[in-house]
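Remarks on the structure that follows.
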Amino acid sequence: MTLTLATWNINSVRLRLPIVEKLLDEKNPDILCLQETKCANELFPAEAFAARGYQHQAINGQKGYHGVAILSKLPLSEIDCRDHGNVGHARHVSALVETGGKRIRLHNFYVPAGGDEPDAAKNPKFAHKLDYIEEMKALRADAEAGVSSILVGDLNIAPLEHDVWSHKQMLKIVSHTPVETEGLLEVIAKGGWVDLMRQHAPEPAKLYTWWSYRAADWAASDRGRRLDHVWSSADLAPDLTDIEILRDARGWEKPSDHVPVIARLTF
DNA sequence: ATGGTTGTGTGACAA
């Protein structure tokens, strides 16, 4: 039994529907987790996904900003949305998936980007990001007895040296400052999570999932960052058979600035 | 040090 799971910050699900459908046609994941859907739930293109077999949907959206969704061929139960800090942002949704004799709690996160100034005293958005990471430290991969865990999403932090194009030049840039990278590594360690992308491609391999829209030629300059993540509880880590970063998707028509990450687990 | 692009929804933000 194989579980194929895709995660993608889509930067508007309505505008990007043609390339999301391209991903589904080409890769046929069992479950697709989206971030930055940028629309209210009643405007989410639920029928387009249901028509392709993704009839089980956990959607947490809001008008204009943020928004996450789990679209699944497998039944979803115990759907839960958390609003860290009670700020009214749609940044999390989770559901229980049962497959291959496993019960899996799947978390889909969109961590705040944090603005440009990496100083919590001057920049409330950065303070909010640090608060958000602080709250995530309480999230345990073994929180529920008999239930494994997978966590995916746009965490807006590239924690390791080779998660960015230039460690030295990124140290004061939001997404790679020490307070963020150390914080995210603590979320992983305290929660008992395994970073599956790095299990599959350990450092010093360069791994990027995001390239800025502002580059004149994103592929030539290749100033990428690994902002998107796939983690699991320790019991599932040996079941990982493949991780694929769809770099090509950055060059698709009307692309997102993030590309899909696809994980395959075989039980 | 600055500017570069994209999305929502037609303003100014957020990323």
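Naming: A, B, ... by sequence-line order, numbering from 1 per chain. All of these numbers come straight from a predicted model, not from anything done at the bench.
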At under 4.0 Å between heavy atoms, what does A:Arg250 touch on the DNA or RNA strands: base, sugar-phosphate, or nothing?
nothing
For A:Trp211 and B:dA15, give me the distance from atom CH2 to atom C1', rounded to whole Å.
17 Å
Under 4.0 Å from any atom of DNA chain B, heavy atoms only: list the residues of residues 58-69 of chain A that qualify, in numerical order.
A:Lys63, A:Gly64, A:Tyr65, A:His66
Which is more 5' along DNA chain B, the nucleotide nearest A:Lys254 or the one nearest A:Tyr110? Just name the residue.
A:Lys254
By nearest-nucleotide position on DNA chain B, the 5'-leaning member of A:Asp154 and A:Pro255 is A:Pro255
Pair A:His92, A:His84: side-chain N/O donor-acceptor within cut-off below 3.5 Å:
no
Donor-acceptor side-chain pairing of A:Ser94 and A:Arg105 below 3.5 angstrom:
yes
Closest to the side chain of A:Arg16, out of B:dG9, B:dG7, B:dA15, is B:dG7
Expressed as a whole number of angstroms, how long is the span from A:Trp210:CH2 to B:dG4:C1'?
11 Å
From NZ of A:Lys38 over to P of B:dG9, roughly how many Å is that when rounded to an integer?
10 Å
Return the nearest nucleotide to the side chain of A:Tyr213; candidates are B:dT5, B:dA15, B:dT8.
B:dT5
Specify the separation, in whole Å, of atom CZ of A:Phe44 and atom P of B:dT8.
14 Å
Side-chain atoms of A:Arg91 come closest, of B:dG7, B:dG9, B:dA15, to B:dA15
Can you tell me, in whole Å, how much space there is between the C1' of B:dA1 and that of B:dG11?
28 Å
Is any side-chain N or O of A:Ser212 closer than 4.0 Å to OP1 or OP2 of B:dT5?
no
Please report the distance, rounded to the nearest Å, between CG in A:Asn11 and P in B:dA15.
11 Å
Give me the distance, rounded to whole Å, that separates B:dT8 from B:dT2 when you measure between the P atoms they each carry.
30 Å
Separation of atom CD1 in A:Ile173 from atom P in B:dG4, rounded to whole Å:
17 Å
Looking at A:Trp252, I'd like to know if the NZ or CZ of A:Lys22 sits under 6.0 Å from its six-membered ring centre while staying within 45 degrees of the ring's axis.
yes
Taking atom C1' in both B:dC13 and B:dG9, what distance in whole Å separates the two?
12 Å
Distance under 6.0 Å and angle within 45° of the ring axis: does A:Arg250 meet both against A:Trp211?
no
Can A:Ile31 and A:Ile70 be said to form a side-chain contact (heavy atoms from CB on, under 4.5 Å), step by step?
CA-CA 7 Å; A:Ile31 302 174; A:Ile70 302 173; 3.7 Å; yes
Identified side chain to side chain contact (heavy atoms under 4.5 Å, CB included) partner of A:Ile157 from the options A:Leu185, A:Leu184, A:Val187
A:Leu184
Cut-off 3.5 Å, side chains only: do A:Ser175 and A:Arg225 have a donor facing an acceptor?
yes
Quickly work out the A:Asp257 CG to B:dT8 P distance and round it to whole Å.
12 Å
Length of the CG-P vector between A:Asp217 and B:dG4, whole Å:
17 Å
Given the C1' atoms of B:dA14 and B:dT10, what is the spacing between them in whole Å?
16 Å
Does the side chain of A:Lys38 pick up a donor-acceptor pair with the side chain of A:Asn11 at under 3.5 Å?
yes
Could you check whether A:Arg14 gets within reach of a base, just the sugar-phosphate, or nothing at all, counting any heavy atom under 4.0 Å?
sugar-phosphate
